[in-house]
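Before any comments, here is the structure.
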Amino acid sequence: MAVDFEPKILAFCCNWCTYTGADLAGQSRMKYPENVRVVRVPCSGRVNPQFILRAFRRGADGVLVCGCHPGDCHYATGNYFTRRRFMLMRELLEFNGVDPGRFHARWISGSEAAKFRDTVSEVTRTVKALGPNERFQEASGEES
Amino acid sequence: MTNGQKQQLIRDRAAALLADGAVSCIVGWRQTRFAGKTAVCFVRAPEDATLLVWNEYTIPLTAKYLADERWTGGKAGILARGCDSKAINRLLRDNQLEREKLYIVGLPCEGKADERCRPCRQKTPLVYDELLWEEDSAADGGGTSAADADAPGRGRFFRADEVSALGIDARYDYWEDVYARCIRCYACRNACPVCSCRECYVDMHRAGFQSKRQNAADNRVFGVTRAFHVGDRCIECGECERVCPMGLPILGQTQKVIQTAEALAGAPYEAGLNAEDENFLGKFDLDDKDAFM
Amino acid sequence: MSKVGVFVCHCGTNIASALDVFKVAEAARALPGVAHAAEYKYMCSEPGQQLILDAINEHGLKRVVIASCSPRMHETTFRKMLKKSKINEYLLEIANIREQDAWVHADFEKATEKAIDLVRMAVAKALKDEPLKAQTIPITKRALVIGGGIAGIQAALDIADAGHEAVLLEREPSIGGHMAMLDKTFPTLDCSACISTPKMVDVGAHPNITLLTSAEVDAVKGYIGNFTVTIRKKANYVNHDICTGCGACEQKCPVKTDSAFNRGLSKRTAIYKLFPQAVPSKPVIDAESCLKLKNGKCGVCEKVCPLGCIDYGDEDRLVEMDFGAIIVATGYRPAKWQRMYDEYGAGRYADVIDGLQFERLVNASGPTEGHIARPSDGKAPKTVAIIKCVGSRDPKKGHAYCSRACCMAAAKHAHQLIDKLPGSRVFVFYIDVRTPGKGYEEFYDQTRKDGAVYVRGRVSRIYKEGDTLVCQGEDTLLGKQVRVHADLVILETAMEPSPGSGALLGLLGCAKDADGWVTEAHPKLRPVETQVGGVFLAGACQGPKDIPDTVAQASASAAKAIGLLNKDEMETSPMIAKIEEDKCSGCGACGPICPYKAIALEKIPARDPGTGKKIERLVARVNAGLCQGCGACTVACRTGAIDLLGFRNNQILEEVDALWL
């Protein structure tokens, strides 16, 4: 692993809670690592697990999915489906040989700027320790 | 009752149903040119009923072929074992079949010559219009006995257990080996009774969720996606693996989904037991497990 | 190739000092599809917006990406700006390089690199943006106001005065709510009935108001502008169409049961009016105490009624009505302190009463005709203890929140005692005295000057000693134990959400907080709206409130409802789910995911792919009025037949891809 390895981590954040929390972290001038790039989605329920596969396939070193806390979903129940989908996806990824440290999901509310900061820091630290992700990227089969 | 006697019962009943116009066809099995291989066939005339066979090799699932018959007038007759009936339930649940357009001839199964039939827990059909014979509980045609279920690598999730037993890197290599050999022929998808989309996402003209390129990495994305798409509806028939021309052990992916669904919900989960139940991913429980949040 | 314009904002020095805005613009210029890139000090300013509009014309731009503050800040601003241009306002993406970049990173180089990535992602998504057009939905010009307390009364009157129809729903037999029970209102001490009953009468007489008492909400369907509400009109066994309210039935009814309106301090008959000034001023039969309804014996009221209004066979009736807006004004209930405070006797001592009971005792139309007589023996108390924060600010036994109105209620009660019982002594036990309101502090000061003794501390125990109740507690200012031998103890209890309000909120789809109060759409900026479009809130259902705040909020809520009802139709966000019917197999996996029940399966004509025969097949359809655009359904669709406009699958995938191009 390169000493100066800077992972690229993709984060899906719901517009109403986590994206707002991330904005609040900015308004509060909190500092966190530069490694995370946020994709804004209306609800964590909008995040298709296939987006995560796509990110790994393209070269993501880590992926983070964030939404409102259970019970706080702007759309009432969206995040309960998120929870099932990604609890399942995490297991399935691990089953397929992806280190669980590369995929994270967190509930972060609009007021939890500090939790956003801490989550990004923690995920970056974890992924850094794992090194660059090569899984899902080796194209060892025949090209056509 | 011997398989020969059962086969005669099937032929007689099929001929009678066709003769009195109760059904417009019978979906069953016929012998192929290869010993030990049968194929699903449509019999449309009483005199052709003699084509139908029943033996330890009548393995393929009949239900999926019905989807092609659903728009034709009249009732379609189908020979259905437990697995076929679960498939029918799934297709009914997904609005791909209409119950009133089916005539289901139930055939309690004695287990077939296939390791994927071993864990089968549903020999007698769950839904039928008539049963041709009663399940013979004494017969042991390969079903899981109590001792079998506990034996490593022989239980309901035998394939998934095989992979789960490996370390994370070995698991990756296991699948690397599988998907490097995969030729993306989509036979697994075509045979699957719960793959009922009008157009599969991988076939779309504009590449959407994934590349059509055939290499281990993209094949792997297909494999995991397929598990996510069909896992919570999977009726555990094993057709996907059985039809794979490369002989790839892919059943573990969907088995893993079911296994995880059971663990997350803390309750037994089995798709296709009826035509009403919501899919695991189509519902939620306020108290669902929330380990990583 | 579609021409994208990228505009990088300095935000003064907010962004420009933390990352290299020039380099970001330069990098943007090199991106595929980008025809023009510029940076400017303040993109949101007048000249900044003009710069973008000019560039659109000059370079023939087809899409716009603005790298600036959060889209939550200025997305609307820039959409409005685009309405002045040739570009559809949805062909816009915002790269958040302020809140999520410049403000959170200290490393200039890395922050710049990240900004370039964010711009690249935004450009990739913008290239897949499609022009969207807001849809319009019709508005039913009628409002439903749920709850006939002062909040509901005020809201209904405001809506009706503005020329719209209002239906005021009250589950009790009369409107009036808690305010009708009060004697005087702080700080002006005007008589509560004198100011509230005229309003009640106005409601009863207003041509635009339909008053439904003894009624509850049974079911709610629909969405903003188009609600269909099933209302249960509970059986009251009296035909109000012909009843004149003569009162003969009440005089003859042999049953005596506790009067809830008088908080159990008096009895009422089984056929009764809630209180003398009730609106409508007609009696109802309480089925639980009526002898005829309980065991078929009696029937006196039927015999004495000169007009034959009594109908023992009356049943609940369900009516469906359409509404454009709904106002929730379900109010509060006083906390059941008996369950929380065993040390105060848990209800064993008749002379420990709550504030509302005192209101009835001191009220001229109350059970004692305004004479303050203690419940146990009817004697006028000489020493009275008032205990505040009973159930409030006490997370261990009651609630963590402050109930806001009790400090002033306690001061008022102290004043009334001193005023009506010269020579009496009043002790007020308090944690803090909170009097933020016009004339409140002055009133509290005056009460103390008049002789009320304020003791800072909680009463830890009340026990009986002879004829008196001993309130024992610590005076935390003196730092010693005090005992007050009181003849009467008044507990100023906490407010709690009205019973049944939780179920109602469930029917409406509104969220409530941990304590059960309705959650507003935004605590500061949208305080009278709920998270459900077209459903507003007023009064104590949102949290403890006094009358001035309640009435102010009711009028605000009414203004919101009037604003909605003034429109003939309204625009809805076009960023909603869309179904490609060709791809849809009708499997119905999307339906159960939708929290708004916006997806339904419908049969459409089609052809059998095999035979070419005409057939009908099922496909999913999205109701644009119900869909809120969460996109949860899209994940359930394996084939991608259902997609979310503005956040399409391919748009998100492009964003992902852009990071690793």
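Proteins get letters first, then strands, A, B, ... in listed order; numbering begins at 1 in each.
- Taking the centre and axis of the six-membered ring of B/Phe284, the NZ or CZ atom of A/Arg83 falls outside the cone set by 45° and 6.0 Å.
- Without hydrogens or angle criteria, B/Tyr172 side chain to A/Phe136 main chain gives a donor-acceptor distance under 3.5 Å.
- Using a 4.5 Å cut-off between heavy atoms, B/Leu286 contacts chain A through both its backbone and its side chain.
- The number of heavy-atom neighbours closer than 6.0 Å to NZ of B/Lys289, taken from other residues, nucleotides and ligands shown, is above 12.
- Residue A/Arg135 holds its CZ atom at 4.5 Å from CG of B/Asp169, rounded to the nearest 0.5 Å.
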Exercise for review: Check the pair A/Leu53, B/Phe228 against side-chain contact (heavy atoms from CB on, under 4.5 Å), reporting the backbone distance first and the verdict last.
Suggested key: CA-CA 11 Å; A/Leu53 291 176; B/Phe228 175 71; over 6 Å; no

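- For chain A, no part of B/Asp173 is nearby; none of its heavy atoms comes within less than 4.5 Å.
- Across A/Leu92 and B/Ala227, no two heavy atoms sit closer than the pair CD2-CB, 3.9 Å.
- To the nearest 0.5 Å, the span separating CG on B/Asp290 from CG on A/Asn79 amounts to 9.0 Å.
- When each of B/Trp175, B/Tyr201, B/Tyr174 is checked for heavy-atom pairs under 4.5 Å with chain A, B/Trp175 comes out on top.
- Of the listed residues (B/Lys283, B/His229, B/Arg181), the one with the most heavy-atom contacts under 4.5 Å to chain A is B/Lys283.
- Residue contact with chain A, scored on non-hydrogen atoms closer than 4.5 Å, involves the backbone and the side chain of B/Ala160 alike.
- Closest heavy-atom contact between A/Asn96 and B/Arg220: O-NH1, 3.4 Å.
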Show me the donor-acceptor pairs within less than 3.5 Å that the side chains of residues 265-277 of chain B make with the rest of the protein, sequence neighbours left out.
{"from": "B/Tyr269", "atom 1": "OH", "to": "B/Asp232", "atom 2": "O", "distance (Å)": "2.5"}
{"from": "B/Tyr269", "atom 1": "OH", "to": "B/Phe280", "atom 2": "N", "distance (Å)": "2.8"}
{"from": "B/Glu270", "atom 1": "OE1", "to": "B/Arg121", "atom 2": "NH2", "distance (Å)": "2.9"}
{"from": "B/Glu270", "atom 1": "OE2", "to": "B/Lys86", "atom 2": "NZ", "distance (Å)": "2.9"}
{"from": "B/Asn274", "atom 1": "OD1", "to": "B/Glu276", "atom 2": "N", "distance (Å)": "2.8"}
{"from": "B/Asn274", "atom 1": "OD1", "to": "B/Asp277", "atom 2": "N", "distance (Å)": "2.8"}
{"from": "B/Asn274", "atom 1": "ND2", "to": "B/Asp277", "atom 2": "OD1", "distance (Å)": "3.3"}
{"from": "B/Asn274", "atom 1": "ND2", "to": "B/Asp277", "atom 2": "OD2", "distance (Å)": "3.2"}

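- Considering all non-hydrogen atoms of both residues, B/Arg171 and A/Glu94 come closest at NE-O, 2.9 Å.
- Neither the backbone nor the side chain of B/Gln259 comes within less than 4.5 Å of any heavy atom of chain A.
- The CG atom of B/Leu264 sits 6.5 Å away from atom CD of A/Glu91, with the distance rounded to the nearest 0.5 Å.
- The structure places CG of B/Asp287 at 9.0 Å from OH of A/Tyr80, a figure rounded to the nearest 0.5 Å.
- Both the backbone and the side chain of B/Leu281 come within less than 4.5 Å of a heavy atom of chain A.
- Distance check, rounded to the nearest 0.5 Å: CZ of A/Phe95 to CD1 of B/Ile168 gives 11.5 Å.
- In terms of heavy atoms, A/Gln50 sits closest to B/Thr225 at NE2-CG2, 3.3 Å.
- A/Arg84 contributes atom CZ, which lies 6.5 Å from atom CG of B/Asp285 (distance to the nearest 0.5 angstrom).
- Within the 4.5 Å cutoff, the side chain of A/Arg57 has heavy atoms near those of the B/Asp218 side chain.
- For the residue pair A/Arg54 and B/Gln210, the shortest heavy atom distance occurs at NH1-N, 3.7 Å.
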